[in-house]
Visitor: 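Here it is, the structure in full.
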Amino acid sequence: MALEQTLQDEIETSKKYLERPIDSTIYRRDLAKRIELVSWVADSMKDPNNQVCDLIESRMNEVALKIKQTSTIFEADKLYSELNILEWISYVVCKAESDRLSAI
């Protein structure tokens, strides 16, 4: 349950910061994307049949492919940000999953 709570705390914290006045629209965009992606993972974890780490890795591969196909730095910047968020989520979720499996 600690992993789910960590993800929920991240969503709540990001929402708090998103509601505050922020000077940078890029930062606001990153917070909104973080909320979206963490919520997606949290929802995916509710189904025990989902291999969440595989889902995250697949999404990361899709984003990396989009980056390679991008022609402007502005589009690529958004995608790099999304990839960084997914990498953080992957680290948190998959490390917890690995720890859980090694304890069995």
Side-chain angles (χ1 to χ4, degrees):
M1 191 61 172
L3 177 58
E4 290 84 359
Q5 188 60 48
T6 300
L7 295 176
Q8 193 59 40
D9 290 348
E10 183 64 28
I11 292 169
E12 295 304 317
T13 302
S14 295
K15 284 181 179 179
K16 281 185 207 176
Y17 284 111
L18 189 60
E19 293 169 356
R20 293 181 181 173
I22 301 173
D23 293 335
S24 172
T25 58
I26 294 172
Y27 187 63
R28 185 175 295 280
R29 181 191 70 220
D30 289 352
L31 283 171
K33 184 54 83 170
R34 178 177 292 274
I35 292 166
E36 174 191 331
L37 293 172
V38 173
S39 296
W40 169 69
V41 169
D43 289 342
S44 296
M45 289 175 59
K46 291 177 184 174
D47 183 355
N49 296 324
N50 282 340
Q51 298 294 324
V52 179
C53 292
D54 292 341
L55 289 173
I56 296 168
E57 183 179 352
S58 175
R59 180 88 178 247
M60 289 172 68
N61 289 335
E62 290 172 14
V63 172
L65 182 61
K66 286 180 189 176
I67 290 171
K68 289 178 184 178
Q69 297 171 344
T70 301
S71 60
T72 68
I73 195 158
F74 298 110
E75 290 177 40
D77 184 53
K78 293 177 188 179
L79 294 170
Y80 277 117
S81 176
E82 182 175 344
L83 190 58
N84 285 331
I85 294 166
L86 285 167
E87 286 175 348
W88 175 83
I89 294 170
S90 176
Y91 173 78
V92 171
V93 172
C94 298
K95 182 177 183 322
E97 186 68 18
S98 175
D99 291 348
R100 185 185 66 80
L101 291 175
S102 66
I104 294 177

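Sequence positions, counted from 1, serve as the residue numbers for this chain. Side chains included, hydrogens not; waters and symmetry mates left out as well; all remaining heavy atoms used.
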Visitor: Counting distance only, does the side-chain N/O of Thr70 pair as donor-acceptor with the main-chain N or O of Lys66 below 3.5 Å?
Guide: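 Yes, because the side chain of Thr70 sits within donor-acceptor range (under 3.5 Å) of the backbone of Lys66.
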
Visitor: Could you tell me if Asn50 and Ser44 have a donor-acceptor pair between their side chains, going purely by distance under 3.5 Å?
Guide: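 On atom types as modelled, these side chains do not qualify, holding no pair under 3.5 Å.
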
Visitor: Would you call Lys33 and Asp30 a salt bridge, taking side-chain N to carboxylate O under 4.0 Å as the test?
Guide: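 Here Lys33 does not pair with Asp30 in a salt bridge, since their nearest N and O are not under 4.0 Å apart.
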
Visitor: Got a sec, which hydrophobics cluster with Phe74, joining ILVMFWY side chains under 4.5 Å apart, including via others?
Guide: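 Reading the cluster by chain and number, Phe74 sits alongside Ile73.
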
Visitor: With distance as the sole criterion, is a donor-acceptor pair present between the side chains of Glu4 and Gln8 under 3.5 Å?
Guide: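 No, no side-chain donor-acceptor contact under 3.5 Å.
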
Visitor: Applying side chain to side chain contact (heavy atoms under 4.5 Å, CB included) to Ile35 and Trp40, what does each step give before you reach the verdict?
Guide: CA-CA 8 Å; Ile35 292 166; Trp40 169 69; over 6 Å; no

Visitor: CG of Leu83 to CD of Glu62: how many Å apart, nearest 0.5 Å?
Guide: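 So the CG of Leu83 and the CD of Glu62 are separated by 11.5 Å.
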
Visitor: Keeping Ser58 on the side-chain end and Asp54 on the backbone end, is there a donor-acceptor pair under 3.5 Å?
Guide: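 Pair absent, no side-chain N/O of Ser58 close to backbone of Asp54.
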
Visitor: Could you check if a side-chain atom of Leu18 sits within less than 4.5 angstrom of a side-chain atom of Tyr27, using non-hydrogen atoms only?
Guide: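 SC-SC contact between Leu18 and Tyr27 ruled out.
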
Visitor: Is the shortest side-chain heavy-atom distance between Leu37 and Arg59 below 4.5 Å?
Guide: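 Yes; the side chains approach each other to less than 4.5 Å.
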
Visitor: Do the non-hydrogen side-chain atoms of Met45 and Leu3 ever get within less than 4.5 Å of each other?
Guide: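 Side chain of Met45 against side chain of Leu3, heavy atoms only: contact under 4.5 Å found.
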
Visitor: Does a side-chain heavy-atom distance below 4.5 Å link Glu75 with Tyr80?
Guide: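 Glu75 vs Tyr80: side chains apart.
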
Visitor: Is any side-chain heavy atom of Glu97 less than 4.5 Å from a side-chain heavy atom of Val52?
Guide: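 Not touching, per the 4.5 Å side-chain cut-off.
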
Visitor: When you measure from the side chain of Arg34 to the backbone of Ile11, do you find a donor-acceptor pair of N or O atoms at a distance under 3.5 Å?
Guide: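 No, the answer is negative, given that no donor and acceptor are paired below the 3.5 Å cut-off.
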
Visitor: Rounded at 0.5 Å granularity, tell me how far CZ in Arg20 sits from NZ in Lys15.
Guide: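 If I round to the nearest 0.5 Å, the distance is 15.5 Å.
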
Visitor: Excluding sequence neighbours, so at least two apart, what forms side chain to side chain donor-acceptor pair (under 3.5 Å) with Lys78?
Guide: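 Side chain to side chain donor-acceptor pair (under 3.5 Å) list for Lys78, sorted by chain: empty.
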
Visitor: Nearest heavy-atom pair of Val41 and Leu7: which atoms, and what distance?
Guide: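 Distance-wise, the nearest heavy atoms are CG1-CD1, 4.2 Å.
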
Visitor: Can you tell me if Ser90 uses its side chain to pair, donor with acceptor, with the backbone of Leu86 under 3.5 Å?
Guide: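 The answer is no, because no donor-acceptor pair under 3.5 Å joins these two groups.
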
Visitor: Counting only N and O atoms by type, is there a donor-acceptor contact under 3.5 Å from the side chain of Thr13 to the main-chain atoms of Asp9?
Guide: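 Checked: pair present.
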
Visitor: Can you find a heavy atom in the side chain of Ile89 that is under 4.5 Å from one in the side chain of Met60?
Guide: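 In short, these two side chains do not touch, never coming nearer than 4.5 Å.
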
Visitor: Same cluster or not: are Ile67 and Leu65 linked, directly or through other Ile, Leu, Val, Met, Phe, Trp or Tyr residues, by side-chain heavy atoms under 4.5 angstrom apart?
Guide: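 No, because Ile67 and Leu65 fall into different hydrophobic clusters, even though each may have its own neighbours under 4.5 Å.
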
